[in-house]
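Before any comments, here is the structure.
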There are 2 protein chains.
Amino acid sequence: MQFDDKVPIYYQIKNHLYHEMMTGQLVPGEKLPAVRQLAVDLTVNVNTVQRALGEMITEGIITSQRGKGNFVTTETPRITQLKEHLIMEQLERAYEQLHALNLSDDEIIASLKQYIAQRGQQDD
Amino acid sequence: MQFDDKVPIYYQIKNHLYHEMMTGQLVPGEKLPAVRQLAVDLTVNVNTVQRALGEMITEGIITSQRGKGNFVTTETPRITQLKEHLIMEQLERAYEQLHALNLSDDEIIASLKQYIAQRGQQDD
DNA sequence: CCTAGTGTTATATTTTACTAGTACACCGTA
DNA sequence: TACGGTGTACTAGTAAAATATAACACTAGG
């Protein structure tokens, strides 16, 4: 995995795992890879993984069972709620940044459309 | 000024100054506040300000004149170019994050429109 | 020439993220 | 009971960001 050195790695790991839940690569009740395995996969230290997981446990997104593993919560509403929260967070940040660059609401929408159109031409 | 402890302060200062240029609070050729004054205004150390300015000088967005001050470049194309770059950066980041949350192109545009609409109802 | 205001540079210190290594606690199974 | 797989916790060390403080270099104006 590739990290942006502008933000803490543990924070990026959280988002990485969030995304796997959102896209169904990790379903409710499923067991996460072992912390040591995650550390290897992400080429990162166990403690850094643990810090990310620790926050997610506090948030109630995953549950921890000593000796068994970490599991995605079975309380699906929490996950739905998390997804909406993450989306809102992204929209808000992007909007405020673009607004600060002196773009009007319409211009923001237009530039996003244009960006997506351009992107579609090239790849992905 | 309020900082997000997830990203380096010097980096946020750069963006702060960028925004002031984009919104016309700082026009081409204008003198920036003195580094020591900026440090006070932003409740930050002089060296941290200097680090932000140093990068901006390297980028050619501002020019430095020892004994006189720092000035916004008069090469307006540079600023225009910077603005487009910053916009692109924001769009790209937001798009990739939302895409990673399993939203289609159309859903991304729709959610942004909805966000703006909701926002318009409340305040600002 | 002197001084106030400016940018620039340097050193030492503190804080935080991250790493490395180790040990402990718990579960399931043979 | 023993062992391998698991989460958890602790200590020590490194690197980068930010701070505090000070000194240096240049400009403009009396």
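Each chain gets a letter, A, B and so on, in the order the sequences are listed, and its residues count up from 1. All values below were derived from every heavy atom in this structure, side-chain atoms included, with hydrogens, water molecules and symmetry-related copies excluded. The structure presented is a predicted model; accordingly, all values stated were derived computationally and were not measured.
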By nearest atom, which of the nucleotides [options] is closest to the [X] side chain?
| X | options | answer |
| --- | --- | --- |
| B/V44 | D/dT19, D/dT6, D/dT8 | D/dT19 |
| A/N45 | C/dA20, C/dT9, D/dT8 | C/dA20 |
| B/K31 | C/dA17, D/dA17, C/dT6 | C/dT6 |

Practice task
For B/V7 and for A/L32, find the nucleotide of DNA chain D with the closest heavy atom, then tell me which residue's nucleotide is more 5'.
Solution key: A/L32

Rounded to the nearest angstrom, tell me the gap between atom [atom1] in [X] and atom [atom2] in [N].
| X | N | atom1 | atom2 | result |
| --- | --- | --- | --- | --- |
| A/L53 | D/dT6 | CG | P | 14 Å |
| B/I13 | D/dA17 | CD1 | P | 13 Å |
| B/Q50 | D/dA17 | CD | P | 16 Å |
| B/F3 | D/dA17 | CZ | P | 15 Å |
| A/Y10 | C/dT19 | OH | P | 13 Å |
| B/I9 | D/dA16 | CD1 | C1' | 13 Å |
| A/I57 | D/dA9 | CD1 | C1' | 13 Å |
| A/I62 | D/dT8 | CD1 | C1' | 13 Å |

For [N], take OP1 and OP2 only and decide whether either is under 4.0 Å from a side-chain N or O of [X].
| X | N | result |
| --- | --- | --- |
| B/K68 | D/dA28 | yes |
| A/N70 | D/dG7 | yes |
| B/R66 | D/dT27 | no |
| B/T48 | D/dA17 | no |

Exercise for the section: Inspect the contact between A/K14 and A/E59 and indicate whether a charged nitrogen and a carboxylate oxygen are less than 4.0 angstrom apart. Expected result: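 Yes.
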
Exercise for the section: Answer whether the closest heavy-atom distance between the side chains of B/I61 and B/M21 falls below 4.5 Å. Expected result: yes

Practice task
Return the 5'-most residue of the pair B/V35, A/G67 with respect to DNA chain C, ranking by each residue's nearest nucleotide.
Solution key: B/V35

Exercise for the section: Please assess A/Q12 against A/V7 for the test side chain to side chain contact (heavy atoms under 4.5 Å, CB included), listing each intermediate value before the final yes or no. Expected result: CA-CA 7 Å; A/Q12 297 181 57; A/V7 328; 3.3 Å; yes

Problem - Worked check of side chain to side chain donor-acceptor pair (under 3.5 Å) between A/Y10 and A/N47 - result: CA-CA 9 Å; A/Y10 77 91; A/N47 296 311; over 6 Å; no

Problem - Within 6.0 Å of CD in A/E107, more than 12 heavy atoms from elsewhere - result: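 More than 12 within 6.0 Å, yes.
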
Practice task
Please confirm whether any donor atom in the side chain of B/N47 sits under 3.5 Å from an acceptor in the base of D/dT21, or the reverse.
Solution key: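 Such a pair exists between side chain and base.
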
Practice task
Looking at every strand, decide which applies to A/R36 at a 4.0 Å heavy-atom threshold: base, sugar-phosphate, or nothing.
Solution key: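 Result for A/R36 = base.
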
